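Because the structure is predicted, anything quoted here is derived from the model rather than measured.
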2 protein chains.
Amino acid sequence: MSQASNGTRVVDQARDALAAYVRSAPEGSKLPPERELAQKLGVSRTTLRDGVSRLALLGLLEVRHGDGTYVRSPDATQLALPFRSLLEYNPEAPSELLALKRLLEPALAATAASNATDEDVAALRAAIQHERSELLRYSDRRRVPRRQPARRSLESLMVAAAGSSLVGTLVGLATELLRPTLSERLPPAFRQLAVEQRGAIVEAIAIGEPDAARGAMELHLNTLAKALDAVDQNLAPTREAAGVAGAALA
Amino acid sequence: MSQASNGTRVVDQARDALAAYVRSAPEGSKLPPERELAQKLGVSRTTLRDGVSRLALLGLLEVRHGDGTYVRSPDATQLALPFRSLLEYNPEAPSELLALKRLLEPALAATAASNATDEDVAALRAAIQHERSELLRYSDRRRVPRRQPARRSLESLMVAAAGSSLVGTLVGLATELLRPTLSERLPPAFRQLAVEQRGAIVEAIAIGEPDAARGAMELHLNTLAKALDAVDQNLAPTREAAGVAGAALA
DNA sequence: CCCTGGCATAGGTCCGACCTCTTCTGCTAC
DNA sequence: GTAGCAGAAGAGGTCGGACCTATGCCAGGG
């Protein structure tokens with residue numbers, strides 16, 4: 001195992017024992033009560049709780065007050081926590097997240113285009129259709145309402161279509177961290193263009209053309225970057241970025 | 001502040017209070033003892049320790065047994081922890097890490113070529129020279145000795161030259177996680193080629209040619225990927241990967 | 001001058017008690 | 001018979017205090 005794990009501290013042993021326990025347990029299963037588990041591992045409940053807390057922070061466990069502790073599979077949402085604290089210090093975070101997406105997502109879209117199943121394509125189209133209908137319904141309001149948690153984003157579906165890889169996890173992470181900034185700072189008029197660009201990505205994936213998907217994604221992210229830059233300089237972003245997108249589409 | 005922070009749990013309040021404390025404290029400063037700090041925040045020492053443990057896991061604090069708790073600035077090393085646990089499950093981790101590096105590092109090398117100062121270049125050349133001498137000294141041994149902690153890797157210097165960005169952090173992270181696998185699974189004969197390829201990258205950065213740096217980095221990573229694939233299939237990697245590198249150099 | 005030993009202080013672990021929340025159960029009222 | 005509420009049971013959350021162990025510092029002896 002990793003050499004960073006061992007140590008003379010009891011809590012590390014407890015954490016490793018717990019990690020081994022969790023590894024062999026099925027997703028969603030319930031752990032024994034803390035008192036019982038502590039006795040079984042030969043440590044105090046305080047120490048056990050410390051170890052549980054660390055694994056919970058890593059997303060391997062979910063602790064529910066009054067109910068129990070459950071085995072979870074870590075995903076981007078859990079990993080977002082450490083990154084969030086890191087990015088809170090940095091005012092450049094949005095542009096850096098976007099830069100990261102520009103490096104990763106074109107490749108991810110290409111992979112998705114090669115691997116997507118019919119079900120993936122159906123889900124992607126449904127997501128786009130949902131975005132379109134949402135756009136129509138709330139086009140006259142300033143604030144976009146809270147999106148339904150059940151509805152997965154285009155990015156997460158793309159990640160699924162490309163296969164759950166490290167790159168996919170990072171893309172999901174960056175997307176989640178960037179989402180609030182985009183919805184706050186970009187004018188609503190931009191959503192129309194963004195949705196259509198995302199639709200183009202989906203269709204490129206649907207017909208299984210990696211290069212087309214890559215190009216469509218690059219175009220989309222370039223547009224977003226331009227818009228964000230314009231907002232940063234207190235300019236009206238609509239004209240310039242829309243012009244860029246239009247020229248590229250022609 | 002983040003809405004994920006608040007909650008009815010005492011430990012969350014303590015953690016937030018601590019985070020605020022840490023934010024305003026200078027790097028390297030020492031926190032008050034746990035007993036005192038717990039009383040000051042109005043929570044028990046158990047709860048305070050839980051909060052401290054979480055911030056330590058995020059890399060914002062460093063706890064030293066018998067000494068004290070110190071304020072730290074989070075870096076890639078700290079962020080590596082959650083990722084390490086995530087990647088321990090995945091046997092495909094090395095190839096995925098390498099895939100990530102292939103997406104990020106060429107761009108990073110290009111940026112470094114545009115931004116590197118004379119001091120950066122000097123440090124990069126020194127790092128390469130050190131790798132060369134190390135190669136000579138230990139060329140007849142199987143194991144490469146533990147590298148000096150004071151000596152920074154080519155990657156971390158490149159990150160510094162490119163400016164400390166999110167992409168740089170991720171590259172440093174991937175490099176650190178991948179290092180043990182590479183040193184274990186790649187034959188020692190490969191180090192000679194790798195060092196020379198890295199030297200080419202450094203010289204491209206030195207003369208300020210982004211495209212050359214990008215290309216040199218792509219070549220280096222392609223070679224690594226080929227070699228790793230060959231090892232995975234229990235083949236002798238030297239011939240094939242060296243051939244690829246030679247062809248690309250011609 | 002260096003080394004060594006011990007003391008003060010810091011974090012690490014344990015215990016046992018109590019609090020709060022969730023769930024389930026069984027009684028009660030309609 | 002069913003809907004709804006109250007209580008019990010059991011889970012995690014918090015507490016305070018005791019003791020263990022590692023570190024840093026300083027005095028004393030070589």
Side-chain angles (χ1 to χ4, degrees), chain A residues 3-19 21-22 25-72 74 78 81, chain B residues 4-19 21-22 25-72 74 78 81 149:
Chain A
Q3 77 287 355
S5 299
N6 58 18
T8 176
R9 292 192 299 282
V10 180
V11 63
D12 287 334
Q13 305 171 229
R15 176 173 55 80
D16 289 346
L18 259 181
Y21 191 110
V22 167
E27 158 92 20
S29 67
K30 190 174 180 176
L31 258 63
E34 291 183 347
R35 288 150 178 99
E36 182 182 334
L37 202 51
Q39 185 184 1
K40 193 175 299 180
L41 294 181
V43 301
S44 74
R45 193 176 156 225
T46 308
T47 304
L48 173 78
R49 277 179 55 76
D50 196 344
V52 167
S53 171
R54 299 185 187 198
L55 291 187
L57 227 56
L58 295 183
L60 273 68
L61 292 177
E62 180 190 355
V63 180
R64 279 158 52 170
H65 189 180
D67 185 4
T69 303
Y70 297 83
V71 176
R72 289 284 176 261
Q78 293 299 328
L81 226 73
Chain B
S5 301
N6 58 20
T8 177
R9 292 193 299 282
V10 180
V11 62
D12 287 334
Q13 306 170 227
R15 178 174 54 81
D16 288 346
L18 259 180
Y21 191 110
V22 167
E27 158 91 21
S29 66
K30 190 175 180 176
L31 258 63
E34 291 184 346
R35 286 144 177 107
E36 181 182 334
L37 202 51
Q39 185 183 0
K40 194 175 298 183
L41 294 181
V43 300
S44 75
R45 193 177 156 223
T46 307
T47 305
L48 173 78
R49 277 181 54 79
D50 196 344
V52 167
S53 171
R54 300 186 187 198
L55 291 187
L57 228 56
L58 295 183
L60 274 67
L61 292 177
E62 179 189 355
V63 179
R64 279 157 55 170
H65 189 180
D67 185 4
T69 304
Y70 297 83
V71 176
R72 289 285 175 260
Q78 293 300 328
L81 226 73

Undergrad: With a 4.5 Å heavy-atom cut-off, do B:R54 and B:D12 have their side chains touching?
TA: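 The answer is yes, as the side chains (C-beta and beyond) meet within the 4.5 Å cut-off.
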
Undergrad: Please tabulate, for the side chains in residues 36-44 of chain B, all donor-acceptor contacts under 3.5 angstrom to protein atoms that are two or more places apart in sequence or on a different chain.
TA:
| from | atom 1 | to | atom 2 | distance (Å) |
| --- | --- | --- | --- | --- |
| B:S44 | OG | B:T46 | N | 3.4 |
| B:S44 | OG | B:T47 | N | 3.3 |
| B:S44 | OG | B:T47 | OG1 | 3.2 |

Undergrad: Taking the nucleotide of DNA chain C with the closest heavy atom to each, which residue, B:T69 or A:D67, is nearer the 5' end?
TA: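 Nearer the 5' end of the strand: B:T69.
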
Undergrad: Any heavy-atom pair between the side chains of A:L48 and A:L18 that's under 4.5 Å?
TA: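 The answer is yes, as the side chains (C-beta and beyond) meet within the 4.5 Å cut-off.
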
Undergrad: Under 4.0 Å, heavy atom to any atom of DNA chain D: which of residues 39-55 of chain A qualify?
TA: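 Correct list: A:R45, A:R49.
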
Undergrad: Extract, from 5' to 3' on DNA chain C, the first and final nucleotides lying under 4.0 angstrom from some heavy atom of chain A.
TA: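 Result: C:dT13 to C:dT23.
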
Undergrad: Which atom pair, heavy atoms only, marks the closest approach of B:V63 to B:A56?
TA: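 Result for this residue pair: CG2-CB, 4.3 Å.
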
Undergrad: Could you tell me which residues satisfy side-chain contact (heavy atoms from CB on, under 4.5 Å) with B:R64, sequence neighbours excluded, listed by chain and number?
TA: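 If we apply the side-chain contact (heavy atoms from CB on, under 4.5 Å) test to B:R64, skipping adjacent residues, the hits are B:E62, B:D67, B:Y70, B:R72.
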
Undergrad: Can you name the closest pair of heavy atoms from A:S29 and A:P26 and give their distance?
TA: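 The pair with the smallest heavy-atom distance is OG-O, 2.8 Å.
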
Undergrad: Between A:D50 and B:D50, is any pair of side-chain heavy atoms under 4.5 Å apart?
TA: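 No; the side chains remain at least 4.5 Å from each other.
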
Undergrad: Which pair of non-hydrogen atoms, one from A:V71 and one from A:A25, has the smallest distance, and what is that distance?
TA: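 Result for this residue pair: CG2-CB, 3.9 Å.
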
Undergrad: Checking B:R49 now: which residues fulfil side-chain contact (heavy atoms from CB on, under 4.5 Å) with it, not counting sequence neighbours?
TA: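 Residues passing side-chain contact (heavy atoms from CB on, under 4.5 Å) with B:R49: B:E34, B:R45.
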
Undergrad: Nucleotide range of DNA chain D contacted by chain A, 5' to 3', under 4.0 Å to a heavy atom?
TA: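 Footprint of chain A along DNA chain D, 5' to 3': D:dG10 to D:dT14.
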
